[in-house]
Amino acid sequence: MVGRSLGPSSAVDVTQERIDSFARVTEDLQWIHTDPERAAGGPFGGTVAHGFLTLALLSRFVGELMRVIDAPAAVNYGLDRVRFPSPVASGAIMRAVLEVIDVREQERGVLLTSRVTMTADGADRAACVAESLTLYPGGRLR
């Protein structure tokens, strides 16, 4: 699987309601995310998703694109390099592709390292590129 690219994922609609809900949960109520009238005159011409909302969707995308059937669970083990090259406008449709960078058997299970590239329809650059580490406890390589 190393070097293999999976995807694209199914579409995720980044609605203003989703952005507002994330803002409330994280207590990040900055106007560029939550005030459409003020944001219309701001740097992005409208509200945009939080970078961390975009990043939070990574788990959803990895879970859809990579399935390990003989491990009892998948655990977010961490992230390496994370970048947000382009904002995600309210109402954008996001998708992702996953590239398998490394798969290793460890004492605790199998550790998958993948590069996840998330894009928003119509954008020139990726919305988020991150190296994700997913641990499959108890998993073994065959």
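- In this structure, Thr34 OG1 and Asp20 CG are separated by 6.5 Å, a value rounded to the nearest 0.5 Å.
- For the atom pair Ile32 CD1 and Phe44 CZ, the distance stands at 5.5 Å (nearest 0.5 Å).
- Proximity of a side-chain donor or acceptor of Arg125 to a complementary backbone N or O of Pro85 within less than 3.5 Å is detected.
- Residues satisfying the salt bridge (Lys or Arg N to Asp or Glu O under 4.0 Å) test with Arg115, not counting sequence neighbours, are Glu99, Glu131.
- When every heavy atom of Ala39 is checked against every heavy atom of Trp31, the shortest pair comes out as CA-CZ3, 3.7 Å.
- In this structure, the separation between CG on Asp35 and NE2 on His33 is 12.0 Å, given to the nearest 0.5 Å.
- Annotation: side chain of Met1 is in contact with side chain of Leu6 (closest heavy-atom distance under 4.5 Å).
- Val129 and Val48 are assigned to two separate hydrophobic clusters, defined by single-linkage of ILVMFWY side chains at heavy-atom distances under 4.5 Å.
- For Gly7 against Leu65, the heavy-atom pair with the smallest separation is CA-CD2, 3.6 Å.
- The distance from the CE atom of Met66 to the CD atom of Glu64 is 12.5 Å, given to the nearest 0.5 Å.
- At least one side-chain heavy atom of Asp13 sits less than 4.5 Å from a side-chain heavy atom of Ile93.
- Residue Phe22 is grouped with residue Val88 when hydrophobic side chains (ILVMFWY) are merged at heavy-atom distances under 4.5 angstrom, including chains of intermediate members.
- The two residues Leu111 and Tyr77 make their nearest non-hydrogen contact at CD1-CD2, 3.7 Å.
- Residue Pro137 comes nearest to Ala73 through the heavy atom pair CD-O, 3.3 Å, listed as atom of the first residue, atom of the second, then distance.
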Set out, in order, the CA-CA distance, both residues' side-chain angles and the distance that settles side chain to side chain contact (heavy atoms under 4.5 Å, CB included) for Leu55 and Leu79, then state yes or no.
CA-CA 10 Å; Leu55 183 61; Leu79 297 163; 3.8 Å; yes
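- Annotation: the span from Leu98 atom CG to Ser114 atom OG amounts to 4.0 Å, rounded to 0.5 Å.
- No continuous path of ILVMFWY side-chain contacts below 4.5 Å connects Val97 to Val100, so the two sit in separate hydrophobic clusters.
- Residues Ser10 and Phe61 share a closest heavy-atom pair of O-CE2, 3.9 Å.
- Here the CZ atom belonging to Phe84 is positioned 7.5 Å from the CE atom belonging to Met118, to the nearest 0.5 angstrom.
- A continuous path of hydrophobic side-chain contacts links Ile19 to Phe52 [ILVMFWY only; heavy atoms under 4.5 Å].
- For Arg60, the CZ atom is densely surrounded, since the number of other residues' heavy atoms within 6.0 Å is greater than 12.
- In this view, Arg18 and Val12, Thr15, Leu53, Leu57 satisfy the side chain to side chain contact (heavy atoms under 4.5 Å, CB included) rule, not counting sequence neighbours.
- The two residues Gln16 and Ser90 make their nearest non-hydrogen contact at OE1-OG, 3.0 Å.
- One hydrophobic cluster, built from ILVMFWY side chains closer than 4.5 Å, cannot hold both Val2 and Leu133; they sit in different ones.
- For the pair His50 (side chain) and Asp28 (backbone), a donor-acceptor distance under 3.5 Å is present.
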